[in-house]
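Reviewing the structure listed below.
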Amino acid sequence: MNLAEGVQIVCLGVLGVMMIGAAIGVVLSPSIVYSAFMLGGVFISMAGIYLLLNGDFVAAAQILIYVGAVNVLILFAIMLVNKRQNFAPFPNSWVRKLLTGIVSLGLFGLLSTMVLATPWAYSTPPVVGSTSSIVLIGEHFFTDFLLPFELASILLLMAMVGAIILARREYLPDLAPSELPQTVLTLPERPRELVSTSSETKE
């Protein structure tokens with residue numbers, strides 16, 4: 001995006017604060033549904049950062065795939081498999097919390113060191129007015145790779161339907177074949193008494 005340097009810094013700071021706040025909300029929220037919504041906020045913030053880096057295709061894929069597919073699939077899975085069970089206390093839970101904190105601090109220190117040690121400078125000046133990457137990738141998708149693209153969409157649809165069926169299986173009653181109602185197609189018959197009386201009158 002051709003923005004001024006100050007505007008880019010402000011936008012990066014706002015998106016960074018949004019992403020960190022949403023990520024903290026994912027971890028600390030007591031409701032799993034709210035955590036899923038916060039995860040969508042993290043994905044949208046990352047898409048905004050990709051736009052600032054002129055990665056228009058990566059930003060669009062981030063919104064379409066992660067926000068529009070993965071996050072919605074997580075919400076569907078939460079709503080379909082919503083078992084209200086009380087959390088049982090684990091013995092020696094403080095050990096797990098301690099190990100989690102150590103690993104998290106180690107990853108934070110490693111990422112901070114990488115950010116500070118990486119020279120964030122353009123190796124080549126950005127090309128202004130070139131063809132968008134979305135246009136080029138779209139042309140390849142609908143010309144050279146049309147068949148794999150459609151097969152992947154059908155495969156994802158089958159996976160989604162299979163996940164819904166597996167999640168809803170526990171709500172089906174476990175009936176034996178003998179307990180199932182037998183529906184046999186029969187033609188309506190006249191009562192035998194009426195048939196006998198009508199035959200006697202004819203005689």
Side-chain angles (χ1 to χ4, degrees), residues 1-82 97 99-142 145 148-150 152-153 155-157 159-160 163-164:
M1 298 176 67
N2 297 323
L3 299 176
E5 185 177 358
V7 177
Q8 289 184 356
I9 293 175
V10 171
C11 291
L12 180 62
V14 171
L15 290 172
V17 170
M18 285 176 56
M19 184 172 63
I20 294 174
I24 294 174
V26 171
V27 179
L28 299 180
S29 178
S31 175
I32 192 170
V33 178
Y34 291 158
S35 296
F37 280 115
M38 290 289 183
L39 185 62
V42 174
F43 291 150
I44 292 175
S45 302
M46 292 178 65
I49 294 176
Y50 290 146
L51 279 178
L52 290 177
L53 296 173
N54 292 325
D56 44 6
F57 174 75
V58 181
Q62 180 79 16
I63 294 176
L64 290 176
I65 296 175
Y66 284 95
V67 179
V70 174
N71 200 33
V72 174
L73 186 61
I74 291 172
L75 284 173
F76 276 141
I78 292 170
M79 293 176 181
L80 289 175
V81 193
N82 190 11
K97 294 180 180 179
L99 292 177
T100 303
I102 293 173
V103 172
S104 300
L105 288 176
L107 289 175
F108 182 76
L110 181 63
L111 292 175
S112 301
T113 304
M114 184 193 68
V115 168
L116 295 176
T118 302
W120 301 101
Y122 285 112
S123 57
T124 57
V127 180
V128 180
S130 60
T131 305
S132 177
S133 60
I134 295 180
V135 177
L136 295 175
I137 294 174
E139 290 178 354
H140 285 293
F141 268 159
F142 291 99
F145 303 99
F149 182 70
E150 295 298 330
S153 62
L155 181 63
L156 290 174
L157 178 61
M160 184 179 66
I164 293 174

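Summarising the geometry of Val26 relative to Met38, their closest heavy-atom pair is CG2-CB, 3.4 Å, with the distance given to 0.1 Å. Taking both residues in full, the closest heavy atoms of Met19 and Ile49 are given as CE-CD1, 4.0 Å, listed atom of the first, atom of the second, then distance. Ala23 approaches Val42 most closely through the heavy-atom pair N-CG2, 3.5 Å.
The backbone N or O of Gly101 sits nowhere less than 3.5 Å from a side-chain atom of Ser104 that would complete a donor-acceptor pair.
For the atom pair CZ (Phe141) and CD (Glu150), the distance works out to 11.0 Å, reported to the nearest 0.5 Å. Expressed to the nearest 0.5 Å, how far OG1 of Thr100 lies from CG of Leu105 amounts to 11.0 Å. Taken from CG in Leu12 to OG in Ser45, the straight-line distance is 11.0 Å, to the nearest 0.5 Å. Once rounded to the nearest 0.5 Å, the distance linking CD1 of Ile24 with OG of Ser29 reads 12.5 Å. Distance check, rounded to the nearest 0.5 Å: CD1 of Ile9 to CG of Leu52 gives 11.0 Å. Between atom CG of residue Leu39 and atom CD1 of residue Ile32 there is a gap of 11.0 Å, rounded to the nearest 0.5 Å.
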Would you be so kind as to tabulate the donor-acceptor pairs closer than 3.5 Å made by side chains of residues 55-63, with sequence neighbours excluded?
from	atom 1	to	atom 2	distance (Å)
Asp56	OD1	Ser133	OG	2.6
Asp56	OD2	Ser132	OG	2.7

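For Phe43, the ring-ring contact (aromatic ring centres under 6.0 Å, His included) partners two or more places apart in sequence, or in a different chain, are Tyr66. Under the rule for a ring-ring contact (aromatic ring centres under 6.0 Å, His included), Tyr34 has no partner lying at least two apart in sequence or in another chain.
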